[in-house]
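Read the numbers this way: they start at 1 and go in the same order the structure lists the ligands and their atoms. Nothing fancy with the numbering, it's 1 onward along the sequence.
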Amino acid sequence: MSSEQPRIKIAIQKSGRLSEISLKLLEKSGLQFARSKDKLFWYGRNLPVDLLLVRDDDIPRLLLEGMCELGIVGENVAVEKVLEARKRRPEADLDQLAPLDFGHCKLMLALPENESYSRPEQLAGKRIATSYPRLTRRWLNDNDVEADIVTLNGAVEIAPSLGTADAIVDLVSTGTTLRANHLRAVTTVLESQAALYRGNSKLPSERELLLDKLVQRVMGVQRAAETKYVMLHAPRDALARISAILPGAETPTVLPLESQSDRVAVHALCTEQVFWEHLEELKAAGASAILVLPVEKMLA
Ligand code: ATP
Ligand code: ZN
């Protein structure tokens, strides 16, 4: 009886950089929720799949403890929390199902801007402030450096001017915050983006099938976002050259044009980003009437 089966739970960030885009991805994957503004739990209306809205830092633990089946969180947070959990349970791990190509950021080492940097060894014996103590420790260990880590939960970038640290390891996207605090990013500790993770819960096989289907759909939406459908007219004898320019296209469909025997219509699914440069190259190769269309759904 399917009503007695457990419902699938997906954790996403309640409010922050990943919230809107995570929700959109799930809705585009065909999930509908009874939204309730203040609640942390949104009931799935069309499928037995509910949403948990939580702080991003809580998502890895919910997954590790099997309290939800899927979660969308930054790799920076996921890896840090898995390393933390391994202190208690060395086998703790999370299965990353797919990187999602949003929430890109870098965890970087930054120093006061008047200090030069050439290699990690110069950090030996220094104090490094960070909200990512395990990732920082792993990076130091990988580089054979012993340094002190000062764990702070926020305002990491002011630690050097307060004298509580000599350097910091923090998330950087534009560097504006660093500059405002007279710091300079010098090397990358981790490159991160949001990803879809599978929790450690066990499900009955019927639910496991639904979960697989969901993951396929999410990945399909993901792929469709990058994929474009390109249509153009081309000289028949330039076909090989034109096919080679189309980014990530497999064999294009070639159709005759009624009024012209030396030109054909070409339709292709481009699975890599199509830039203006590609269109200019196509034109230079003799293509005309070039159209680039978005792809809404894709099931490969
Ligand atoms: P919460 O209240 O959920 O704990 P938060 O303040 O920790 O929120 P956000 O600032 O919303 O989190 O960032 C969430 C995630 O977005 C980060 O963990 C990181 O993966 C990603 N991210 C992308 N760009 C940046 C950036 N420039 N600075 C910080 N995080 C970024
Ligand atoms: Zn957080």
Side-chain angles (χ1 to χ4, degrees), residues 9-26 33 35-42 50-65 67-68 70-85 94-111 128-139 149-160 165 167-199 218 222 225:
K9 289 183 279 320
I10 308 181
I12 64 169
Q13 190 186 24
K14 181 174 170 29
S15 97
R17 292 169 202 264
L18 308 179
S19 312
E20 270 303 307
I21 189 157
S22 302
L23 182 62
K24 248 194 207 123
L25 176 61
L26 297 177
F33 304 100
R35 293 180 176 225
S36 55
K37 232 178 172 210
D38 311 313
K39 297 227 179 82
L40 302 180
F41 183 87
W42 290 6
D50 304 323
L51 207 58
L52 291 176
L53 295 109
V54 294
R55 286 199 58 188
D56 66 343
D57 315 67
D58 293 333
I59 294 173
R61 189 173 45 86
L62 290 169
L63 291 165
L64 285 164
E65 293 178 5
M67 278 139 72
C68 61
L70 295 174
I72 296 177
V73 66
E75 292 170 321
N76 53 317
V77 174
V79 178
E80 176 70 24
K81 297 291 177 185
V82 166
L83 292 175
E84 183 183 319
L94 285 181
D95 197 7
Q96 187 187 110
L97 302 177
L100 297 175
D101 202 22
F102 60 83
H104 287 275
C105 57
K106 284 182 181 174
L107 188 64
M108 297 190 78
L109 173 74
L111 301 179
I128 305 173
T130 185
S131 311
Y132 295 87
R134 273 109 197 157
L135 278 167
T136 302
R137 180 63 69 203
R138 187 174 76 174
W139 181 81
I149 294 175
V150 182
T151 305
L152 297 175
N153 283 325
V156 169
E157 64 281 355
I158 62 170
I168 69 167
V169 167
D170 205 6
L171 289 182
V172 176
S173 55
T174 59
T176 321
T177 315
L178 290 182
R179 268 193 301 282
N181 289 283
H182 305 290
L183 298 169
R184 183 172 56 99
V186 292
T187 190
T188 301
V189 170
L190 181 85
E191 277 205 46
S192 175
Q193 60 180 301
L196 179 67
Y197 289 92
R198 170 72 167 103
V218 170
Q222 176 65 15

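For E191 (side chain) and K106 (main-chain N/O), no donor-acceptor pair under 3.5 Å exists by modelled atom type. A donor-acceptor distance shorter than 3.5 angstrom exists from the side chain of S19 to the backbone of Q13, with no hydrogens or angles considered. Of the possible polar contacts, none joining the T188 side chain to the L190 backbone as a donor-acceptor pair under 3.5 Å is found.
Minimum-distance N/O/S atom of D57 relative to the Zn ion (ligand 2): OD1. Within D56, the N, O or S atom lying nearest to the Zn ion (ligand 2) carries the name OD1.
At least one side-chain heavy atom of I12 sits less than 4.5 Å from a side-chain heavy atom of L23.
A search for side-chain contact (heavy atoms from CB on, under 4.5 Å) contacts involving N153 returns nothing, not counting sequence neighbours.
The 4.0 Å heavy-atom shell around ligand 1 contains residues Q13, G16, R17, L18, R55, D56, D57, G74, N76, V77, G103, H104, C105, L171, S173, ordered by chain and number.
In this model, no donor atom of one side chain and acceptor atom of the other lie less than 3.5 Å apart for Y132 and E80.
Annotation for Q96: atom CD counts as buried by contact number, over 12 foreign heavy atoms lying within 6.0 Å.
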